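Have a look at the structure below, then the notes.
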Amino acid sequence: MTEKPSAPQRPELPPAWNPAEVEAGLYERWVERGYFTADANSDKPPFSIVLPPPNVNGSLHMGHALNHSVMDALSRRRRMQGYEVLWLPGTDHAGIATQTAVERALASEGVSRHDLGREKFVERVWEWREEVGGRILGQMRRLGDGVDWSRVRFTMDEGLSRSVQTIFKKLFDDGLIYRAERIINWCPRCQTALSDIEVDHSDDDGELVSIRYGEGDRSIVVATTRAETMLGDTAVAVHPEDERYQHLIGTDVEVPLTGRFVPVVADEHVDPEFGTGAVKVTPAHDPNDFEIGQRHDLPAITVMDGRGNITVKGPFEGLDRFEARPAVVAALREQGRIVAEKRPYQHSVGHCSRCDTVIEPRLSMQWWVKVEPLARAAAEAVRDGRTTIHPPELAKRYFDWVENLNDWCISRQLWWGHRIPVWYGPNDKIVCVGPDEEPPSGEGWTQDEDVLDTWFSSGLWPFSTLGWPAQTADLAKFYPTSVLSTGYDILFFWVVRMMMFGLYAMDGKQPFDHVFLHGLIRDAHGKKMSKSRGNGIDPLDWMDSYGADATRFTLLRGANPGSDLALAEEWAAGSRNFTTKLWNATRFALGNGANVERPLPDRSELTDVDRWVLDLLDGLITEVDAQFEAFQFSRISDALYKFTWDEFCDWYLELAKVQIAEGGERAESTRLVLGHVLDKLLRLLHPLTPFVTEVLWTTLTGGESLVVAEWPAASGAQADADAARRVEGVKKLVTEIRRFRSDQGLKPGQKVGGAVLGADEVDLAGLVESVRSLTRMTEPGDGFTASVSLDVGLTGGTVKVELDLSGAIDVVAERKRLTKDLAAAQKEQAQCQGKLGNAAFTAKAPADVVAKIQGRLEAASADIERINARLATLPEA
RNA sequence: GGGCGUGUAGCUCAGCGGAAGAGCACUCGGUUUACACCCGAGCGGUCGCAGGUUCGAACCCUGUCGCGCCCA
């Protein structure tokens with residue numbers, strides 16, 4: 001029987017990794033083989049993630065790419081660990097954004113939605129969704145997202161709409177949904193109410209105008225930033241204890257321009273320090289004024305329509321609010337009623353988070369969710385540990401917010417969305433209709449015109465997507481979901497709403513066990529990416545240039561929990577370099593016969609170098625596992641990067657060359673070690689960089705796919721501390737020799753004869769060949785003359801290296817090198833002596849610390865002696 | 001105004017009680033047959049400032065200044 005060739009025939013790797021050519025094909029193969037399709041009937045433990053649904057008309061931006069990289073890494077690892085993994089994708093209908101987009105398209109045809117009518121308009125939106133709605137899903141495939149495409153959902157689906165109607169009815173019946181007339185945030189451009197979190201506040205330049213109301217000793221000066229709303233004033237308010245105004249409280253003053261007399265009321269909420277201490281009260285156009293109005297039973301006069309145009313008969317009628325403001329001020333000035341004007345005056349102004357239009361507080365009838373009991377449950381679930389927030393610092397913010405929630409305005413004056421299932425009938429009858437109920441028919445019954453906030457339906461996502469309200473196998477298997485991942489800026493949007501609804505609908509069962517909150521994407525200098533700055537980076541560009549793996553790796557490497565991450569093209573190039581490095585290392589290993597055809601030989605048959613790298617690998621596996629459990633993606637990536645590049649490539653591969661050159665059994669065992677280390681390393685890297693590892697691993701092992709390969713476990717072997725010490729000794733020796741060569745101006749490739757003396761004493765005899773190989777040092781030949789000697793202090797002794805540089809050495813360079821080393825050793829010596837000379841230190845510090853310092857002192861002193869001796873032998877420069 | 005976070009190498013960030021680290025950038029030298037998307041060697045920091053606790057502080061405490069975010 002002939003010996004088997006050590007390197008079996010294997011498909012050869014191309015010389016370079018070309019992601020653009022390969023990624024799409026790999027991805028489609030994974031999908032076709034059904035790797036990402038979850039089985040609700042499997043016996044495996046479940047692991048589930050629902051994708052926080054992106055806008056149906058959006059496209060993949062860097063924030064998505066980061067979040068998806070996180071979710072994909074988590075779910076790929078769990079799949080390899082033998083979990084039944086469900087990562088469920090989908091999109092939300094983005095009520096305002098989508099309706100606006102379609103209205104804009106219609107406008108270019110000269111048609112408004114009202115021309116079309118509600119039914120036809122909604123049809124158009126569905127058509128629009130068919131056209132653009134798949135874009136972001138396609139982009140997810142490029143990134144490599146291992147989602148279950150058989151379960152892709154949309155918030156306007158029939159099933160999800162049923163969930164919406166079910167929960168609306170349940171909340172309505174429980175008294176947690178009600179209708180009320182209040183001040184809401186109105187966007188005059190979007191023409192709809194918004195909830196509080198859809199309003200962004202910024203400090204804008206405005207004006208502060210002081211206006212005199214009334215006459216003579218019955219007059220009072222109020223300060224306002226919104227003079228035009230005075231047309232709707234129904235009171236002037238002062239603080240009850242403000243001595244300046246005691247005589248006016250309870251009297252009436254005239255509101256200029258209107259001829260109307262309004263009462264002066266005393267209210268605790270007026271700040272006597274602000275302006276004159278008196279404020280005008282416009283209950284229909286200011287949330288604080290509305291509350292004052294409630295307390296004092298004041299009428300509310302609406303002076304603007306939904307577009308922000310003045311509706312009061314007279315000279316201002318029809319003017320836009322921003323035109324009306326100066327017009328009103330001018331009219332007041334003419335009457336001599338302007339006491340003071342301050343411009344610019346910075347104050348906080350609310351803007352629509354969709355379109356940036358200045359919000360108009362408006363009195364209007366809307367539907368509300370009473371959040372207090374829901375929010376209390378949401379806080380409790382985190383407090384008692386059913387749900388854990390990562391990083392924990394952000395839990396505080398979660399509590400603060402949840403405990404101070406106002407009721408949630410859920411009705412929107414749109415056509416695109418879930419229509420409110422409430423019918424109004426004769427005699428003010430109101431009926432809320434559940435999913436299997438017939439709406440009331442007959443004369444006089446009409447359905448509410450409004451639709452629900454998009455977040456109302458996406459808040460149901462963790463269970464509506466699994467089939468709720470039906471008790472499906474999916475729901476039983478995959479709820480509660482394992483992890484929800486999103487940016488910390490979305491904490492209040494997704495997380496809180498999903499928590500409130502999940503706990504409510506699922507009998508106190510939390511929607512997710514863990515919440516992972518990643519940071520926000522910024523540019524290379526930490527600035528927010530934005531269209532106006534033009535500093536945005538498109539993840540698709542990165543994928544084109546550097547590959548999906550490099551894009552993912554860059555994002556994960558920067559993902560420190562709770563902190564933002566700065567990105568620049570160089571970062572992605574660096575990650576691409578890493579994938580190339582991995583590619584080349586594997587190519588080298590394969591070219592030298594690396595394989596996993598047989599188990600590793602017993603550790604006793606391996607070399608120090610083999611045991612060292614295997615022990616490091618064990619440590620790496622332990623580290624990666626621990627950091628995965630802690631959502632520390634940056635540490636995972638860093639550990640893998642450093643092992644791959646700084647240990648495996650820089651040292652093990654170089655040392656393996658020596659072992660392979662030995663031939664025979666040694667070469668064979670080295671090929672196995674190479675194969676086994678790479679095999680496990682590729683498995684560990686797969687959740688982060690699935691594409692390149694798939695190609696390398698299938699080539700190395702002949703296995704079917706890394707997607708379904710087993711996640712590696714540490715070997716359990718006792719780490720060989722002696723092997724580690726010896727290899728570290730080799731590394732130090734090699735580094736010192738290289739430094740000497742470099743300082744002496746030797747070309748890296750130039751071979752130099754040399755002798756290594758004293759290797760025995762430090763137990764390195766067996767590794768001298770490796771040192772020679774890595775430093776281009778040849779055996780001392782016949783005419784060997786040591787022109788220089790080099791002392792390297794290692795644990796346990798000093799190794800002397802003699803080199804024949806065939807001629808004079810560069811004394812200046814050598815003196816400089818030694819002087820530098822001397823200075824370092826002296827500094828070290830002084831530091832250690834200082835500590836040891838301190839009686840308090842030796843008395844109070846733990847014994848092992850004292851011993852360590854003692855050891856350092858001895859080493860430093862020996863170094864100083866050696867270097868001085870060496871310097872003495874050098875001729876003067 | 002309230003709360004949270006953060007100031008470490010030129011840039012972006014790790015480290016969070018016992019010898020100042022990484023990536024990128026920079027300098028020098030390299031056609032060492034895995035890799036120039038690379039290899040080897042180097043330069044670069046009183047860890048914002050001021051006090052305090054401790055045998056010992058980048059790390060803990062207090063104050064202060066700068067920056068960022070969230071909520072009013």
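Please read all numbers here as calculations on a predicted model, not as lab measurements. Every chain is numbered from 1, with letters handed out A, B, ... down the list of sequences.
Rounded to an integer number of Å, the gap from A/Asp848 CG to B/C55 P is 17 Å. For the pair A/Phe578 CZ and B/C38 P, the interatomic distance rounds to 12 Å; values are reported in whole Å. Counting to the nearest Å, the C1' atom of B/A19 and the CD atom of A/Gln826 are 17 Å from each other. If you take CG of A/Asp400 and P of B/C71, they are 12 Å apart, rounded to a whole angstrom. Look at CG on A/Asp564: it is 10 Å from P on B/A14, rounded to the nearest Å. In this structure, A/Lys844 atom NZ and B/G18 atom P are separated by 19 Å, rounded to whole Å. As rounded to whole Å, 18 Å separates atom P of B/C11 from atom CG of A/Leu567. Between the CD atom of A/Glu393 and the C1' atom of B/C16 there is a distance of 13 Å, given to the nearest Å.
For the residue pair A/His351/A/Ser202, the side-chain donor-acceptor check at 3.5 Å is satisfied. Side-chain contact of A/Asp200 with A/Ser353: a donor-acceptor pair under 3.5 Å is absent, judged by distance alone. A donor-acceptor pair shorter than 3.5 Å can be found between the side chains of A/Tyr652 and A/Asp610. A side-chain donor-acceptor contact under 3.5 Å links A/Asp564 and A/Tyr488. There is a side-chain donor-acceptor pair under 3.5 Å between A/Glu198 and A/Ser195.
Contact of the A/Leu774 side chain with the A/Arg738 side chain is registered, since non-hydrogen atoms from C-beta on lie closer than 4.5 Å.
Nucleotides B/C11 and B/A25 place their P atoms 15 Å apart, quoted to the nearest Å. The gap from the C1' atom of B/U54 to that of B/G1 amounts to 38 Å, rounded to the nearest Å. Here the separation of B/C43 from B/G23, taken at their P atoms, is 15 Å to the nearest Å. The C1' atoms of B/A58 and B/G45 are separated by 11 Å, rounded to the nearest whole Å. When the C1' atom is used for both B/A9 and B/G21, the distance is 10 Å, rounded to whole Å. Taking atom C1' on both nucleotides, B/G17 is separated from B/A22 by 22 Å, rounded to a whole Å. Taking atom C1' in both B/C16 and B/G5, the straight-line distance is 15 Å, to the nearest Å. Rounded to whole Å, the separation between the P atoms of B/G10 and B/U46 comes to 8 Å.
With a 3.5 Å limit on both pairing distances and Watson-Crick or G-U wobble geometry required, the stems of 3 or more pairs in RNA chain B span B:1-7 with B:65-71, B:10-13 with B:21-24, B:26-30 with B:38-42, B:48-52 with B:60-64.
Checked against A/Glu403 for a salt bridge (charged side-chain N to carboxylate O under 4.0 Å, His left out), the options A/Lys396, A/Arg376, A/Arg383 give a single hit: A/Arg383.
For A/Phe631 and A/His390, the ring centers are positioned less than 6.0 Å apart.
Taking the six-membered ring for Trp and thresholds of 30 and 60 degrees, A/Phe633 and A/Phe516 have ring planes more than 60 degrees apart, a perpendicular arrangement.
At a threshold of 4.0 angstrom between heavy atoms, the contacts of A/Asn404 with the nucleic acid are absent. Among the atoms of the strands shown, none is found under 4.0 Å from any heavy atom of A/Thr842. Contacts of A/Arg741 with the nucleic acid, taken as non-hydrogen atoms under 4.0 Å apart, are absent.
Looking at A/Arg856, its side chain comes within 3.5 Å of the base of B/A19 through a donor and an acceptor atom.
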Whether each nucleotide of nucleotides 25-37 of chain B has a protein heavy atom under 4.0 Å at its base (B), only at its sugar-phosphate (S) or at neither (-) is summarised, 5' to 3', as ----BS-B-BB-B
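Residue A/Arg738 places none of its side-chain N or O atoms closer than 4.0 Å to OP1 or OP2 of B/G42. Distances shorter than 4.0 Å separate some side-chain N or O of A/Arg739 from OP1 or OP2 on B/G42.
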Problem set entry | salt bridge (charged side-chain N to carboxylate O under 4.0 Å, His left out) evaluation trace for A/Asp821 with A/Arg739 | CA-CA 12 Å; A/Asp821 287 356; A/Arg739 184 160 81 101; 2.7 Å; yes
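Distances were taken from every side-chain heavy atom of A/Lys820 (C-beta onward) to each of B/G18, B/C43, B/C70; the shortest belongs to B/C43. Nearest nucleotide to the A/Pro846 side chain, out of B/A41, B/C55, B/G18: B/G18. Side chain of A/Ala566, nearest nucleotide from B/A22, B/U12, B/G68: B/U12.
When each of A/Lys835 and A/Val199 is assigned the nucleotide of RNA chain B bearing its nearest heavy atom, the one mapping closer to the 5' terminus is A/Lys835.
With A/Arg522 contributing its side chain and A/Leu565 its backbone, the two residues share no donor-acceptor pair below 3.5 Å.
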